[in-house]
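See below for the structure under consideration.
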Amino acid sequence: MPDSAPPLPCGALPSARQLRWHRLEAYAFVHFTVNTFTGREWGYGDESPACFAPTDCDVDGIVRDIGAAGLRGLILTAKHHDGFCLWPSQFTAHSLRHSPYRGGRGDLVREFADACGRHGVAFGVYLSPWDRHHAAYGQPAYVTYFRAQLRELLTAYGPIFEVWFDGANGGDGYYGGARERRQIAEDYYDWPRTHQLVRELQPDAVIFSATGPDVRWVGNEDGVAGSPCWPTITGDEEAVRRGDFAVLNSGTPRGAVWRPAEADVSIRPGWFHHDHEDRAVKTPDQLMDLFFASVGRGAALNLNLPPDRRGRLADPDRAALAAWGERRRALFARNLAAGATVTASDTRGNAARYGAANLLDGSPDTYWATNDPVRHAELMVEFAQPEGVEVLQLREFLPLGCRIESFALDAWRDGGWSELALGSAVGSNCLLRFPRLITPRVRVRLLKAAACPVLSALGLYRSGPA
Ligand code: FUL
């Protein structure tokens, strides 16, 4: 009997908030604090708020450029390790209330949140757990302060898509004048309680930290996910405790929990803007490589774009960002498979509801599926005229889990099939690049799967004319 009910889910599954987050794919990190003005990467905590003095701040311009480059979110360092707050927190004087910015009446969290709203960019916050300014850091009173600040950020600025908790914690600092080294116990922050607070105040926000609970760190600050990078993982907390980040980088096939990776990286060597790094801004080519090594492996890309002392993106960063956005737009402008004839070796219940057309409709909510017993299947794409192709895209329908474990891409050339690429994890987005070739037909062979294959997208792309 052919199956006509939907396939059963398989293995660990994403939550609704993770599903929404998966659709963002690439977003911006914005590192901005006293370090921008002192030239440091980690402020000690004794900086005067007076040094935070952007001369020609243009938050709207920054967010406009980020949105125009196709980045769908922005995470602002509301407070970095130095403890200086970009919003007028009622719990500390160490904020821009005491900086010259807008005569002490500024609120950069508000400005970024509002600009994100205007430009259709999701807004998120980074609140450093480590605070090298606060006198009580290391004692319970600081954790109370940290949570009070989190409450301010999660209640006054509208919807937050992601809350970013940094893993760098404890060490030397100013600490209200003590100027000493403070180590903290592993359970110091009582993270489950803090996570609960985020859930109460922003139930749709994903929580990022090295080990989640929603989004895991990719295990390096180079923006490169493992090949493959599974959205599921087992034993990450244990591994991170051992200082072993390899499991974060690749995840675990058929892993116990759905905890996809975020790849964070800066467009320049440091996380904060320093003039002397203006010549070391990543090129559009490098950004393209990072896109394929993160988003193309099912991770999210969190690309840092730090404002300079004016409070604007420096010219080299702006130029690279815009050119990279243009490249992606050109590459993904047209799915060549959508203009071809696509046939599947097996279709669930022979029903249109699960047909191959669902791979091409651009909707993440429809999918092609096979009958239950099937583990090997083929998708054939025949072009009316030979086409130049250089990128394959596959997406699984995530609510039914990560099922495919091995596949191959073949192209017809010189009268026979030749294998262009092999892949394993598919997940939310799998992009394979290969040298451009002109071919009348390609096929995807699904070779191994944990359950019958379910795909929501099949794409073939090239930039420019054939
Ligand atoms: C690290 C921090 O120490 C860096 O300054 C930066 O914020 C980066 C994103 O995370 O752990």
Side-chain angles (χ1 to χ4, degrees), residues 26-47 52 66 71 73-86 108-109 112 123-134 137 146 149-150 153 161-174 181-184 186 188-189 191 206-212 214-225 236 240-241 243-245 248-249 261-274 277 280-282 287 290 294 299-308 317:
Y27 39 89
F29 222 169
V30 174
H31 275 66
F32 198 25
T33 182
V34 289
N35 298 343
T36 314
F37 301 88
T38 59
R40 291 193 183 148
E41 274 292 306
W42 280 7
Y44 189 69
D46 60 352
E47 297 78 12
F52 186 85
I66 283 170
L71 300 178
L74 180 158
I75 299 175
L76 175 68
T77 55
K79 180 186 86 170
H80 202 250
H81 308 328
D82 53 78
F84 178 75
C85 299
L86 292 186
L108 278 166
V109 176
F112 273 97
F123 181 62
V125 289
Y126 166 115
L127 181 71
S128 174
W130 184 23
D131 188 322
R132 303 174 91 192
H133 175 80
H134 203 279
Y137 184 75
F146 175 67
Q149 292 204 315
L150 195 56
L153 292 172
F161 84 94
E162 176 165 329
V163 181
W164 215 96
F165 292 127
D166 204 312
N169 277 304
D172 64 337
Y174 173 70
R181 169 168 291 276
R182 292 185 183 174
Q183 293 310 133
I184 49 154
E186 207 176 289
Y188 175 55
Y189 294 104
W191 282 114
V206 291
I207 301 173
F208 168 97
S209 83
T211 57
D214 299 315
V215 177
R216 72 178 199 260
W217 182 42
V218 81
N220 61 55
E221 293 184 336
D222 308 324
V224 177
D236 51 338
V240 167
R241 226 168 276 137
D244 165 13
F245 302 145
L248 297 178
N249 197 239
E262 176 189 292
D264 60 327
V265 62
S266 186
I267 194 163
R268 38 175 65 232
W271 290 100
F272 290 90
H273 177 273
H274 312 294
E277 291 178 351
V281 170
K282 292 185 173 61
L287 294 175
L290 287 176
S294 54
L301 174 61
N302 183 3
L303 176 67
N304 182 55
L305 294 149
D308 62 12
D317 309 53

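As the structure is a prediction and not an experimental result, all values here were calculated from the model. Whatever order the structure lists them in is the order used to number ligands and atoms, beginning at 1.
With ring centers used as reference points, Phe161 lies under 6.0 Å from Tyr27.
Residues passing the salt bridge (Lys or Arg N to Asp or Glu O under 4.0 Å) test with Arg241 are Glu186, Glu238, sequence neighbours excluded. Among residues two or more places apart in sequence or in another chain, the ring pair (Phe, Tyr, Trp, His ring centres under 6.0 Å) test is passed with Trp164 by Phe29, Tyr126, Phe208. With sequence neighbours excluded, no residue satisfies side-chain hydrogen bond (donor to acceptor under 3.5 Å, both in side chains) with Thr36.
In this structure, Asp46 does not pair ionically with Arg132, as no charged nitrogen and carboxylate oxygen lie closer than 4.0 Å.
Listed by chain and residue number, the protein contacts of ligand 1 are Phe29, His31, Trp42, His80, His81, Tyr126, Trp164, Asp166, Ala168, Glu221, Asp264, Trp271 (heavy atom within 4.0 angstrom).
A donor-acceptor distance shorter than 3.5 angstrom exists from the side chain of Asn249 to the backbone of Val218, with no hydrogens or angles considered.
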